[in-house]
Structure formats: structure tokens, C-alpha cells
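Input: a single structure, listed below in C-alpha cells.
Whatever order the structure lists ligands and atoms in, that order sets their numbers, starting from 1.
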Amino acid sequence: MNNLLSICDIKDDILEILDLAKRFKNGEMEEKPLKDKSLAMIFEKSSTRTRVSFDIGMYQLGGQSLFLSQSDLQMGRGEPIADTAKVLSRYVDGIMIRAVNHSDVEQLAKEADVPVISGLTNIEHPCQALADLQTIEEHLGDFKNLKLCYVGDGNNVCNSLLLASACVGMDMSVACPEGYEPNSEIIKIASELSKKTNCTITISPDIEKCVKDADAVYTDVWVSMGDEAEQEKRMNDLLKYQVNVDLMKLAKENAIFMHCLPAIRGQEVSSEIIDGPQSVIFDEAENRLHAQKAVLYYFLK
Ligand code: CP
Ligand code: NVA
């Protein structure tokens with residue numbers, strides 16, 4: 001069964017999926033290719049972009065989606081994930097899930113008889129990384145000549161970007177304080193992939209070194225969903241890592257600014273930057289729809 005739980009699951013097909021996303025955006029794909037297909041969407045956490053883009057994406061592809069909040073499902077009252085996976089597989093053609101624990105999504109995928117697509121876990125956010133690559137290519141061109149710098153908390157979004165960059169041969173640096181590094185297993189896999197695609201992966205607390213010569217500067221919230229108990233500590237630890245005018249000056253002159261959203265102005269990014277001319281945040285948000293349609297087509301067709 002083909003699932004999308006990690007960028008690793010599409011490491012050999014990522015360019016093909018990006019090409020599909022481009023074709024969907026340009027209106028070059030057949031009409032309603034997922035006619036009569038259905039997608040169950042399980043959300044254990046809040047969402048605006050992921051929920052709406054999957055929902056509208058399925059509609060535009062001719063299929064149907066079903067929003068299932070954790071609190072409404074019997075799973076929220078303790079029904080086993082395995083039983084939920086088997087039951088949903090009898091009704092729908094695919095399952096999208098945003099979950100607290102990556103291991104729960106792995107279990108769901110193991111037990112399901114239909115493709116499972118992750119809409120974010122504590123470890124990865126693969127669909128976001130696809131939309132981000134689409135946005136980078138649109139604004140900056142060939143990945144091989146580019147450097148992406150992620151600044152701040154080495155979280156789920158950062159993990160998927162590391163893998164995605166390594167897959168397409170784009171240099172990537174992560175500027176983060178000690179204790180906020182991306183997942184060590186993911187760094188290992190991304191480093192292995194990067195050897196094959198001839199690009200570099202750098203993880204360092206040295207902001208200047210990481211941002212130097214960057215074509216794109218990316219950040220995400222300092223307090224991800226589920227990290228709320230560490231709010232105060234994170235604010236202090238990450239303070240120096242705000243993306244602001246001074247930090248952007250360290251990157252290339254025409255560097256773009258990226259953020260998966262939602263953002264908190266005045267924390268991980270200043271208003272001047274996120275609302276300024278270098279920001280491409282709404283292109284990224286729009287591309288969630290096109291990239292999602294590519295993913296749905298690829299896995300459900
Ligand atoms: N970027 C992203 O996944 O946004 P939502 O949490 O609104 O889905
Ligand atoms: N890192 C953030 C991303 C939200 C889209 C979180 O997990 O809350």
C-alpha cells in the first residue's frame with residue numbers, strides 16, 4: 001500500500017508530484033479525475049490550510065471529502081486505531097490524518113487497506129514541504145542552484161523540508177539554538193540523500209553562517225501545537241532567532257521569505273518581513289491546494 005507519512009515515502013517520485021502540482025495549477029490536467037472517490041479526513045488538531053485545501057481539492061477533482069474531528073469519532077473515546085482503519089477502508093478510497101503522534105499514523109497506515117496521507121504529525125508535515133518546493137521553484141527556479149535557510153525551532157515542518165531539500169538537491173541550512181535541532185534520525189536520512197543529489201545539509205546555532213547566501217529564508221512558530229507547556233522557555237531560548245530586517249540582510253539581496261502559517265508577528269518573524277515585499281507566504285498557502293491535488297491524484301487515482 002502506498003502512503004504519504006514522510007517525504008521519504010515519495011523520495012523517488014517527488015519531482016513527478018511537483019510536476020503534477022504545476023499542471024493542476026496551470027489547468028493542464030483532465031477534469032475531475034477522482035470522480036466518485038472519497039477521502040476521510042481525521043483531525044486531532046486544529047487546521048485552516050490543510051483542512052480547506054484537502055476539502056476543496058477533493059471537490060475540484062470530482063470526489064468527496066468527509067471531515068472527522070477526533071472528538072466526534074469513537075476513536076476519541078478509545079476505539080482502537082486498527083479497527084478505525086479497517087472500518088474506514090470499507091467506506092472510503094483514502095484517509096488523510098492530522099495527528100498528535102506520528103506512531104499513531106504509522107499504525108493507521110499499517111492497518112488500513114487504502115492509502116493514508118499525513119496532514120502533519122509531531123515529526124513531519126510532508127504536504128507542506130511539497131507546497132513549499134512548488135513555491136520555491138516558481139519564484140527562484142532550479143533547486144540545484146539554491147540554498148534554503150530555516151531559522152528557529154527544528155520542528156515537524158523543518159524535518160520535512162530537510163528531507164525534501166535533500167531529495168531535490170537543494171542546499172539547506174538550519175539555524176537553531178542547542179536543544180532545538182531537527183529530529184536526529186531525519187538529519188541522518190537527509191544527509192544520506194544529500195550525498196546522492198550533491199547538496200549540503202548544515203545544522204548550526206550560528207545564524208550568520210546559516211543565513212549567508214540563502215535564496216530563501218523560512219521560519220515557523222516557536223510553540224507548535226502540543227508544545228504549549230514550554231511556551232515561556234521557548235520564547236527565551238529562541239529570542240535571537242527572530243527573522244527580522246537585520247537577519248534578512250544576511251541573506252541574498254533578493255531572497256524570499258517563507259512561513260507555513262499560522263504565524264505570530266513579533267515572535268518568530270517581524271511584521272516588516274512577513275508583510276513586506278520579500279514575503280511569499282500567500283503563494284505558499286495557495287500552493288497547498290495545487291500540491292494537495294497532485295498528492296490526491298497520485299495516491300488515489
Ligand atoms: N500550514 C498548515 O498546515 O496550516 P494549518 O495548520 O492551518 O493546516
Ligand atoms: N509546527 C507547527 C506547524 C503548523 C502548521 C505545528 O506543528 O503546530
In the protein, which heavy atom is nearest to atom 6 (O) of ligand 1, and how far is it?
Arg98 NH1, 2.8 Å
Quick one: do Lys25 and Glu138 make a salt bridge, cutoff under 4.0 Å?
yes
Please classify the Thr50 to ligand 2 contact at 4.0 Å (heavy-atom distances, strictly less than): side chain, backbone, both or neither.
neither
Asn155: numbered ligand 2 atoms lying under 4.0 Å from its heavy atoms:
1 (N)
ring-ring contact (aromatic ring centres under 6.0 Å, His included) evaluation trace for Tyr297 with Phe24
CA-CA 10 Å; Tyr297 180 86; Phe24 273 117; 5.7 Å; yes
Nearest non-hydrogen protein atom, atom 8 (O) of ligand 2
Met225 N, 2.8 Å
Atom 4 (O) of ligand 1: which protein heavy atom is closest, and how many Å away?
Arg49 NE, 2.8 Å
Nearest protein heavy atom with distance in Å, relative to atom 3 (O) of ligand 1
His125 NE2, 2.8 Å
Between the CG atom in Leu300 and the CE atom in Met96, the distance rounded to the nearest 0.5 Å is 12.5 Å
Hey, what do you get for CD1 (Ile186) to OG (Ser191), rounding to the nearest 0.5 Å?
11.5 Å
Does Lys252 form a salt bridge (charged side-chain N to carboxylate O under 4.0 Å, His left out) with Asp215? I'd like the steps, not just the answer.
CA-CA 6 Å; Lys252 281 192 182 159; Asp215 299 278; 3.0 Å; yes
Answer yes or no: is there an ion pair linking Arg265 with Asp275, defined by an N-O contact shorter than 4.0 Å?
yes
N/O to N/O below 3.5 Å, does that happen between Arg98 and ligand 2?
no
Within ligand 2, which atoms have a heavy atom of Asp220 less than 4.0 Å away?
1 (N), 2 (C), 3 (C)
So how far is it from Glu268 CD to Tyr241 OH, rounded to the nearest 0.5 Å?
15.5 Å
To which protein heavy atom is atom 7 (O) of ligand 2 closest, and what is the distance rounded to 0.1 Å?
Asn156 ND2, 2.8 Å
Does Leu261 reach ligand 1 with a nitrogen or oxygen that is under 3.5 Å from one of the ligand's nitrogen or oxygen atoms?
yes
Separation between CG of Leu148 and SG of Cys210, rounded to the nearest 0.5 Å:
11.0 Å
Taking NZ, NE, NH1 and NH2 as the nitrogens, is one of them in Glu185 or Lys188 under 4.0 Å from a carboxylate oxygen of the other?
yes
Mark yes or no for whether Gln278, through its side chain, and Ala255, through its backbone, hold a donor-acceptor pair below 3.5 Å.
yes
So, regarding Lys45 and ligand 2 (criterion: nitrogen or oxygen to nitrogen or oxygen, under 3.5 Å), is there a contact or not?
no
Does only the side chain of Leu261 get under 4.0 Å from ligand 2, or the backbone, or both, or neither? Count heavy atoms.
backbone
Any nitrogen or oxygen of Thr48 lying under 3.5 Å from a nitrogen or oxygen in ligand 1? Just yes or no.
yes
Any nitrogen or oxygen of His125 lying under 3.5 Å from a nitrogen or oxygen in ligand 2? Just yes or no.
no
Check whether any N or O atom of Leu120, backbone or side chain, sits under 3.5 Å from an N or O atom of ligand 2, and answer yes or no.
no
Val223 near ligand 2 by a heavy-atom separation under 4.0 Å
no
What do you reckon, does Cys260 have a nitrogen or oxygen under 3.5 Å from a nitrogen or oxygen of ligand 1?
yes
the protein heavy atom lying closest to atom 2 (C) of ligand 1 turns out to be Arg288 NH1, 3.3 Å
So, Asp55 and Arg51, do they make that salt bridge, N to O below 4.0 Å?
no
